[in-house]
Amino acid sequence: MIPELLDKSFFLREDVVNQARELLGCVLFTTVDGEFTSGIITETEAYAGINDRASHAYGGRRTARTETMFCAGGLAYVYLCYGMYHLFNVVTGPEGMPNAVLIRAISPLNGTETMMRRRKRNILKGLTDGPGKLTIALGISHLYNKVPLDGSMIGITRHYCPAAEAITTTPRIGIDYAGEDALLPYRFLLQL
DNA sequence: CAGTGGATCGTCT
DNA sequence: GACGATCCACTGG
């Protein structure tokens, strides 16, 4: 059966934590300069809008950068982290509700040669197991910010539904500044 | 292995 | 002017 592209009905939902969990096992793909690359999503984090101290949109902060998060779900939110890495998020929720899911890791599927070239690595191990690594491998840059996840440049397809036992839940990474919200169980890992 | 520090720049104060 | 939703090389055990 042909993989089914996730559509508006998924992205517009308001339960971002469940959406983060459900993205595990889906396939994220890009086509850049005719080169198709993809991987199975194995790690995600939910960022829950204006009430989440870890979110860029905490307190309803609406700036040129966070504007993307306030858009209706179904597009990419890409921003520069630590001055050198582009991080990729899936915007979810209806317009005005700035929820997003950070994709933190994928397992290489298609276009591994291309991904290794972009990463300047010649082994699969460690190729896409970090939020900054996978964007390099998939060719995702700032140009992907606000781009629809409709499969033309970038898209997400259902691949398989993981067993509950294959999923681990933990607090999020690198958000110590978020106070009590740093303890929320909003990070999901999939054991393939 | 664990721990450490450098790279690097857009964004917001 | 300070600070990241990070990665990697390098150190020492």
Side-chain angles (χ1 to χ4, degrees), chain A residues 11 15-24 26 28 30 37 39 41-71 73 75-93 97-108 112 115-147 149 154 156 167-190:
Chain A
F11 296 119
D15 55 333
V16 66
V17 178
N18 287 327
Q19 286 167 308
R21 183 169 32 226
E22 289 172 33
L23 280 167
L24 293 177
C26 290
L28 173 64
T30 59
T37 52
I41 297 172
T42 56
E43 183 179 343
T44 62
E45 281 179 359
Y47 286 83
I50 65 174
N51 297 315
D52 179 357
R53 301 184 89 88
S55 170
H56 291 161
Y58 173 65
R61 206 153 53 92
R62 196 160 184 160
T63 65
R65 178 175 70 149
T66 65
E67 186 58 31
T68 306
M69 296 184 75
F70 286 85
C71 295
L75 40 79
Y77 171 43
V78 180
Y79 74 95
L80 188 64
C81 186
Y82 294 103
M84 35 177 28
Y85 297 106
H86 294 282
L87 270 53
F88 168 74
N89 299 253
V90 176
V91 175
T92 68
M97 180 177 289
N99 293 348
V101 176
L102 171 66
I103 306 302
R104 290 191 57 87
I106 63 175
S107 177
T112 53
M115 292 195 280
M116 287 192 284
R117 188 194 73 235
R118 290 176 181 149
R119 286 271 291 126
K120 306 187 196 307
R121 293 289 182 279
N122 51 24
I123 53 172
L124 284 177
K125 185 176 169 61
L127 196 63
T128 56
D129 60 350
K133 296 179 181 183
L134 72 90
T135 55
I136 294 172
L138 293 176
I140 297 173
S141 70
H142 64 105
L143 298 174
Y144 276 73
N145 188 43
K146 274 196 182 181
V147 169
L149 305 173
I154 184 168
I156 300 175
I167 297 177
T168 307
T169 305
T170 79
R172 292 169 292 182
I173 300 294
I175 53 156
D176 295 340
Y177 58 84
E180 295 184 357
D181 289 347
L183 303 176
L184 293 169
Y186 283 3
R187 176 175 177 236
F188 301 97
L189 299 108
L190 169 63

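Because the structure is a prediction, the values reported are computed rather than measured. First the proteins, then the strands, lettered A, B, ... as listed; each starts at 1. Values below: all heavy atoms of this structure, side chains included; hydrogens, waters and symmetry mates excluded.
Both thresholds, 5.5 Å between centres and 30° between ring planes, are not jointly met by A:Tyr85 relative to the base of C:dT6, so the two rings are not stacked.
Atom pair A:His142:NE2 and B:dC9:C1' shows a separation of 12 Å (rounding to whole Å applied). In this entry the distance linking CD1 of A:Ile175 with P of C:dC3 reads 18 Å, nearest Å. Rounded to a whole Å, the CG atom of A:Leu134 is 16 Å from the P atom of C:dA5. When rounded to the nearest whole Å, the span between NZ of A:Lys120 and P of C:dA9 equals 13 Å.
Here the nucleotide nearest the side chain of A:Tyr177, chosen from C:dC8, C:dG4, B:dA7, is C:dG4. Among the nucleotides C:dA5, C:dC8, B:dA7, the one closest to the side chain of A:Arg121 is C:dC8.
In terms of phosphate contacts, A:Arg104 brings a side-chain nitrogen or oxygen within less than 4.0 Å of OP1 or OP2 of C:dT6. Between A:Arg119 and C:dC7, a side-chain N or O to OP1/OP2 separation shorter than 4.0 Å is absent.
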Anything under 3.5 Å between a protein N or O and an N or O of nucleotides 10-13 of chain B, put it in a table, one pair a line.
| residue | atom | partner | partner atom | Å |
| --- | --- | --- | --- | --- |
| B:dC12 | OP1 | A:Thr63 | OG1 | 2.1 |

Dot-bracket, DNA chain C: Watson-Crick or G-U, under 3.5 angstrom, [ ] crossing, | other strand?
||||.|||||||.
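The local environment of CZ in A:Arg65 is crowded, with over 12 non-hydrogen atoms from other residues, nucleotides or ligands closer than 6.0 Å.
No hydrogens or angles considered: a donor-acceptor pair under 3.5 Å links the side chains of A:His56 and A:Tyr77.
Of the residues in residues 46-58 of chain A, none has a non-hydrogen atom less than 4.0 angstrom from any atom of DNA chain B.
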Run the side-chain contact (heavy atoms from CB on, under 4.5 Å) test on A:Lys133 and A:Leu127 for me, step by step, so that the C-alpha distance in whole Å, both residues' side-chain angles and the decisive distance to 0.1 Å come before the verdict.
CA-CA 7 Å; A:Lys133 296 179 181 183; A:Leu127 196 63; over 6 Å; no
